[in-house]
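In what follows, chains are A, B, ... by sequence order, proteins preceding strands, each numbered from 1.
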Amino acid sequence: MGGFRLAAAGTGEVEALTVPVARREFADLVREHQSMVYSLSLHILRDPPAAEELAQEGFLQLHRNLSGLKTDAHVVHWLRKVTCHRSIDRIRRSKSHPEVNLASAPEPAVPCYRGDPMLSERIRILVASLPADLRTVVVLRYQEELEPAEIAEILSQPVRKVKAHLHKGLALLREKAKRFVGEVES
Amino acid sequence: MKNAIALIAFSLLPLSAQDVKFPESFDKLAAKAKETVNINLDGSMLQLAGNFLSGQKSGEATVKQLAAGLKGLYVRSFEFAEDGQYTDADVAPIRSQLAGAKGWSKIVDVAEKNEHTEVYARSEADKIVGMAVIAAESRELTVVYVDGPIDLARLSKLVNLDLDVAAPAKK
Amino acid sequence: MNRLEEALRDALRREEAPGGFTEGVLARLSSPAARPAPWVWLRWALVTTLSLLLLVAVQYNTERRRRAEGERAKAQVLTALRITAEKLEYTREKTTRATSRGPAAGRPVNTI
């Protein structure tokens with residue numbers, strides 16, 4: 001259904017995408033997709049309690065709109081779309097989530113190495129310092145492994161705009177991140 | 001000299017939706033008059049009035065029929081407290097318009113001591129499609145311009161009818 | 001794949017939702033808060049009613065103005081045609097009198 005795929009899709013998971021939603025319990029749907037939804041909102045908002053609340057609200061909204069969704073692939077697409085749009089709206093509305101200035105992210109005392117948990121945290125902070133629209137594109141690309149065309153569908157934007165955001169977001173991240181991971185291959 | 005200029009100016013005015021234009025001097029006459037009637041009804045207002053005229057009451061039904069085909073109905077009437085409040089020069093621009101306008105001709109001209117009444121009609125294919133009345137008396141001046149076909153026989157019936165008419169505008 | 005992208009994939013991998021997440025969603029589903037509060041419907045009903053009332057008021061006002069304008073126009077038509085008829089009748093009488101008295105009495109050009 002539209003080429004959607006999970007980060008670690010195997011045969012069983014691909015088959016599950018085409019199972020009619022009506023045959024599945026809603027609780028199963030929540031369990032199956034809660035990690036994706038929570039992670040999307042967490043990486044965009046960088047606020048665990050807010051991310052949990054937003055993710056739960058997304059599923060409540062899913063429950064109200066379930067009759068209009070035919071397959072699990074529809075559900076996945078719908079959840080990604082709603083979670084991203086709600087997260088962006090929340091950022092724009094909330095003064096408690098000011099975009100972190102890239103320059104204000106503290107630098108480590110020593111360079112980080114790959115696999116270093118501090119590095120991942122540092123990268124997450126840098127991602128959170130991006131403007132909301134660039135941040136969302138980066139998260140969808142690297143958390144969900146989506147192609148620009150798929151991201152464009154979720155965000156209802158032209159593909160060239162998504163590519164431009166991705167390019168710009170990576171350029172900003174590269175500038176700051178090179179101090180932690182060394183010079184980055186372009 | 002000023003009157004002559006006014007005369008020429010008004011006679012050169014292009015004839016438009018309202019063929020006969022009342023001269024600006026009429027504003028000054030209104031200021032002097034003790035009673036004024038000032039009516040300007042174009043086609044749309046006549047149509048609106050027609051919607052409110054009863055087809056059942058005999059007087060209003062006659063008026064409704066008269067007004068039905070008209071494109072415009074304009075009246076200026078001044079009643080003065082004393083003689084000499086207006087002159088021929090005030091009326092001359094209208095006479096000049098009617099004298100020079102295509103299709104218009106004077107059909108009645110009755111003059112007596114201190115009274116002069118003129119009736120002009122515009123004809124098209126032997127039908128009267130416009131009428132102007134200039135009634136000048138020592139203490140009253142009335143000019144009526146009817147744009148559109150008017151049934152004179154039907155109009156004459158209005159004289160004896162008891163119409164429920166609002167009093168004219170008083171100063 | 002460059003090192004930044006590797007780092008991004010590591011950093012942005014999916015995380016488990018907090019414990020009790022599904023139960024929390026299901027609990028909210030069955031709580032009264034999950035259903036639209038009655039006052040939401042009441043608000044919409046109020047907005048709709050007020051809008052309708054406003055529409056009716058505007059229509060009534062427009063009709064009232066139109067009626068007043070129509071009555072005014074009617075009065076003016078009655079007045080104007082009455083004046084016209086009276087002047088013509090007066091002229092006819094004078095013309096008739098003048099004609100009966102002979103040409104010296106007046107100078108009618110024509111009669112209607």
Trainee: How about Leu119(A) and Asp10(C): do any of their side-chain heavy atoms sit closer than 4.5 Å?
Mentor: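 No - every pair of side-chain heavy atoms lies 4.5 Å or more apart.
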Trainee: Side chain from CB out, backbone as N, CA, C, O: work out which of these in Ala51(A) comes under 4.5 Å of a heavy atom of chain C, or both, or neither.
Mentor: neither
Trainee: Please check if any side-chain donor atom of Ser35(A) sits under 3.5 Å from a side-chain acceptor atom of Glu15(C), or the reverse.
Mentor: no
Trainee: Using non-hydrogen atoms and a 4.5 Å limit, figure out which bit of Val37(A) sits close to chain C: side chain, backbone, both or neither.
Mentor: neither
Trainee: To the nearest 0.5 Å, tell me how far Glu144(A) CD sits from Arg14(C) CZ.
Mentor: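 Separation between the atoms: 4.0 Å.
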Trainee: Only counting residues at least two apart or in another chain, list the ones meeting side chain to side chain donor-acceptor pair (under 3.5 Å) with Tyr38(A).
Mentor: none
Trainee: What's the shortest heavy-atom distance between Leu60(A) and Val25(C), and which atoms?
Mentor: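 Looking at all heavy atoms of both residues, the closest pair is CD2-O, 3.7 Å.
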Trainee: Looking at every non-hydrogen atom in both residues, tell me the closest pair between Ala27(A) and Thr22(C) and how far apart they are.
Mentor: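 Taking every non-hydrogen atom into account, O-CG2, 3.9 Å.
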Trainee: If you count every heavy atom of other residues, nucleotides or ligands that lies below 6.0 Å from Lys81(A) atom NZ, does the total exceed 12?
Mentor: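 It does: Lys81(A) NZ has more than 12 such atoms within range.
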Trainee: Measure Leu40(A) against the heavy atoms of chain C and call it side chain, backbone, both or neither at under 4.5 Å.
Mentor: neither
Trainee: Please identify, among Arg31(A), His63(A), Gln56(A), Glu52(A), the residue contributing the most non-hydrogen atom pairs under 4.5 Å to chain C.
Mentor: Gln56(A)
Trainee: Heavy atoms only: give me the nearest Ala11(C)-Ser120(A) pair and the separation to one decimal.
Mentor: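 Scanning both residues completely, I find the closest heavy atoms to be CB-O, 3.5 Å.
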Trainee: Taking only residues two or more places apart in sequence or in another chain, which ones pass ring-ring contact (aromatic ring centres under 6.0 Å, His included) with Phe59(A)?
Mentor: Phe21(C)
Trainee: Check this for me: Glu16(C), atom CD, are more than 12 non-hydrogen atoms of other residues, nucleotides or ligands nearer than 6.0 Å?
Mentor: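 It does not: Glu16(C) CD has 12 such atoms or fewer within range.
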Trainee: First locate atom CD of Glu145(A), then atom CG of Leu12(C), and finally report the distance between them rounded to the nearest 0.5 Å.
Mentor: 10.5 Å
Trainee: Could you verify whether a donor N or O on one side chain and an acceptor N or O on the other, from Arg13(C) and Gln143(A), lie under 3.5 Å apart?
Mentor: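 No donor-acceptor contact under 3.5 Å links the two side chains.
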Trainee: Side chain, backbone, both or neither: which part of Leu8(C) has a non-hydrogen atom closer than 4.5 Å to chain A?
Mentor: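 Leu8(C) touches chain A through backbone and side-chain heavy atoms alike.
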Trainee: Measure the spacing between CZ of Arg3(C) and CZ of Arg174(A) and express it to the nearest 0.5 Å.
Mentor: 12.5 Å
